[in-house]
Structure formats: structure tokens, C-alpha cells
2 protein chains.
Amino acid sequence: MPAAAADGVLEDLIGYALRRAQLKLFQNLIGRLSAHDLRPAQFSALAVIEQNPGLMQADLARSLAIEPPQVVPLLNKLEERALAVRVRCKPDKRSYGIFLSKAGEALLKELKQIAHDSDREATSALDDEERGQLLRLLTKIYQA
Amino acid sequence: MPAAAADGVLEDLIGYALRRAQLKLFQNLIGRLSAHDLRPAQFSALAVIEQNPGLMQADLARSLAIEPPQVVPLLNKLEERALAVRVRCKPDKRSYGIFLSKAGEALLKELKQIAHDSDREATSALDDEERGQLLRLLTKIYQA
DNA sequence: TATTGTTATACTCTATAACTATA
DNA sequence: TATAGTTATAGAGTATAACAATA
């Protein structure tokens, strides 16, 4: 949890600054996605499905870094709204392949633009070079 | 929510990288603090109280960016463990001043070292100059 | 026997409305 | 009436155990 301004302790911790900045970007994105009645996790799921059409629910759970039971209501919601579909696998009838619908593809295209705009607005204190540096440093951390 | 590796969509978003990196640092800190049966929010609270001795609960809530009702169980826990105390204010008997106990001060000193070590371990992919850059960029974002 | 997806459950975090006691 | 702290409650997000159908 973030604190605001105790000087000399929390302010020197990357973890603290990371949490405050992440909260700011997340809140901005949540606000923008709410116009489409979607949460960030659902946007991420759509993006993962687009890049890995036909993947199984277990794969999606791993990609989203969540547990398999959490995939169920998330995917139910996307299916209710006809943005994605579960298709029974031929060879292994226990599993499903997950695909985007045409509507899902179309909406995702919009969502990508929304996410990009949100990113830029919430980081408006930085210039493009600083954004590039930041993205590089963060990627090094989470890929390590 | 983070996804792992859809290429070309999520990977270019600072918000996505921020969330993945933040999760990594948070998990590391949670693991280390668990030896003292504390959560990150309780560590932050102790640090804020040290820097603002005698502050009121409403101030603490604002500093921690949480709602006043959430302060109650947090502070109860710290008081149960004799790390902090609520002292009735003389002039306004509705409010309390919050202070660290001697034990709280001593523990906080340990916790600062733990948080610092956690920060460095979870960002071991970076050198010191990169850590400085990152802290500067993140601070610019959340202070804007 | 092991695995995919699911259900049920619980614990944490977060947010809001309503209550109390003081002012 | 307004404010500080509290209580009660509800909604997300997250995690685990156990179950059904299939392998």
C-alpha cells in the first residue's frame, strides 16, 4: 500500500514509487475502460487470445498470472458479451480452444487505442525518450 | 492484471510493465515481511507515523491513500502488538494522536533494512545508475 | 491414475453508508 | 450542524480444496 510523503524512508524505495505510479496508471485505464464495461484483466485476456488463438484455459490462466478457477467467470463474461468463444477440442474433449469473435476483434482494436492513450496521459510528465527508458527498465525487472 | 507474453500489444504499454514489475517487488517484500507477521501497508504506516508523530487517523488515512475505516483494523493490529499507541488529544477529545512505541521504533529500523534489501534483490537486473534513473522517472509520474 | 474445467469457499483489499461521541 | 473515529456491509481480487468428465 502506498503512503504519501514520509521523507527519507519510503521515497527511496523503488517498490514504493512503483506502487504509486502503477496505481495512477491503473486508475486511469479503469476509468477509460469503464465506458465499455470492461476491467483491465478482460482487456489483457482479449489481447492474449488474439495473439494465441485457440489456446486452452489453462494456458490463458498462466499467461494472465492467475489461477485456473479465476478464468471461468472472466471467460463467461466475454462469452456472454459475444467477444470470445469456447470451442470443444476434437482430440481432447476435456478442453476448449478459445478464440475471439469478429466483434471481439473489432472491440480489441478500439481498446488498444484506448490503452495507448491512457498510457500517454498518465505519463504526461515524461517525454518520449523517458518513456522508452522507463519501459526498458521495467521490462528488465519483470523478465528477470 | 498482467499477462505474460502476447507480442506487440501489452508489451509496449508502460502500465502493463509497471504492473508486472510492481507485482514482483510486492511479492518479494510480502515474503520478507511475513517473518514479522506484517503486511506492506503496516510497514508503510509505521514509516509514516515515525515521520509524523502525533498525527491523527484521518491524516494517516490520507497519507496511505486509503479510507478512514480501513485505518481502524490496521491501527488495532499495531496497538495489539504494542508497536504504536493512540493517545487521546487534550484539546479535541474526539481525536487521537498516533505515536510509535519504543518497540515500534526498534522494529521499524529492522524493517527499513528488510525493505531496502528486498528492493535491491527484486531489481537485481539493474545496476545502481539504472535504479536511480528508474526511481526518478517513477517519482515524476506519481507526483504529477 | 492424471488432467481440464468447474464449483464452492475463504481471505484480503477496498469502498460506502450509518452510527457514537464529541465539538 | 459538523467532525473524528468506528461499525457494518458489500464488492472486487486472489487462492485452495474438491468434484465431474475425460484421458
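Here the structure is a predicted model, which means the values were calculated and not measured.
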Participant: Does any part of the side chain of B/D119, heavy atoms only, come nearer than 4.5 Å to the side chain of A/D12, both counted from C-beta?
Facilitator: no

Participant: Between atom CD in A/E67 and atom P in D/dA18, what is the gap in whole Å?
Facilitator: 16 Å

Participant: Should B/D128 and B/R120 count as an ion pair when the cut-off is N to O under 4.0 Å?
Facilitator: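 So B/D128 pairs with B/R120 through a salt bridge.
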
Participant: Atom pairs under 3.5 Å, N or O on each side, protein against nucleotides 6-10 of chain D: can you list them with distances?
Facilitator:
unit_1 : atom_1 : unit_2 : atom_2 : d
D/dT6  : OP1    : B/R86  : NH1    : 3.0
D/dT6  : OP2    : B/Q57  : OE1    : 3.2
D/dT6  : OP2    : B/Q57  : NE2    : 2.5
D/dT6  : OP2    : B/R86  : NH1    : 3.1

Participant: Please state how far atom CG in B/D37 lies from atom P in C/dC11, giving the value in whole angstrom units.
Facilitator: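 The answer, rounded to whole Å, is 15 Å.
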
Participant: Evaluate the side-chain proximity of B/L25 to A/I14: yes if any heavy-atom separation is below 4.5 Å, no if none is.
Facilitator: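 Result yes, sub-4.5 Å side-chain heavy-atom pair found.
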
Participant: Specify the separation, in whole Å, of atom NZ of B/K77 and atom C1' of C/dC13.
Facilitator: 16 Å

Participant: Whole angstroms only, please: what is the CZ-P distance between B/F26 and D/dG13?
Facilitator: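 Those two atoms, CZ and P, are 16 Å apart.
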
Participant: Quick one: does B/K77's side chain get under 4.5 Å of B/L38's, heavy atoms only?
Facilitator: no

Participant: Would A/Q57 and A/R86 count as a side-chain hydrogen bond (donor to acceptor under 3.5 Å, both in side chains) here? Give the steps.
Facilitator: CA-CA 9 Å; A/Q57 291 187 199; A/R86 284 184 256 228; 2.9 Å; yes

Participant: Do you see a donor-acceptor pair shorter than 3.5 Å between the side chains of B/N76 and B/E80?
Facilitator: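 No, because no side-chain N or O of B/N76 sits under 3.5 Å from a partner of the opposite role on B/E80.
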
Participant: Measure from CG on A/L60 to P on C/dT4 and round the result to the nearest Å.
Facilitator: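 A/L60 atom CG is separated from C/dT4 atom P by 14 Å.
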
Participant: Just the rounded figure in Å: distance from P of D/dG13 to CG of A/L23.
Facilitator: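 To the nearest whole Å, that distance equals 14 Å.
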
Participant: Taking atom P of C/dT3 as reference, at what distance in whole Å does atom CG of A/D59 sit?
Facilitator: 15 Å

Participant: Using nucleotides 19-23 of chain D, report all nitrogen or oxygen pairs with the protein that are shorter than 3.5 Å.
Facilitator:
unit_1 : atom_1 : unit_2 : atom_2 : d
D/dA23 : OP1    : A/K93  : N      : 2.7

Participant: Is the shortest distance from a Lys or Arg side-chain nitrogen in B/E50 or B/K112 to a carboxylate oxygen in the other one below 4.0 Å?
Facilitator: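 B/K112 and B/E50: salt-bridged.
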
Participant: With a 4.0 Å cut-off on N to O distance, would you call B/E130 and A/R136 a salt bridge?
Facilitator: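 Looking at B/E130 and A/R136, the cut-off is met.
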
Participant: Rounded to whole angstroms, how far apart are CG on A/L74 and C1' on C/dG5?
Facilitator: 15 Å

Participant: Charged N to carboxylate O under 4.0 angstrom, B/E121 versus B/K24?
Facilitator: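 So B/E121 does not pair with B/K24 through a salt bridge.
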
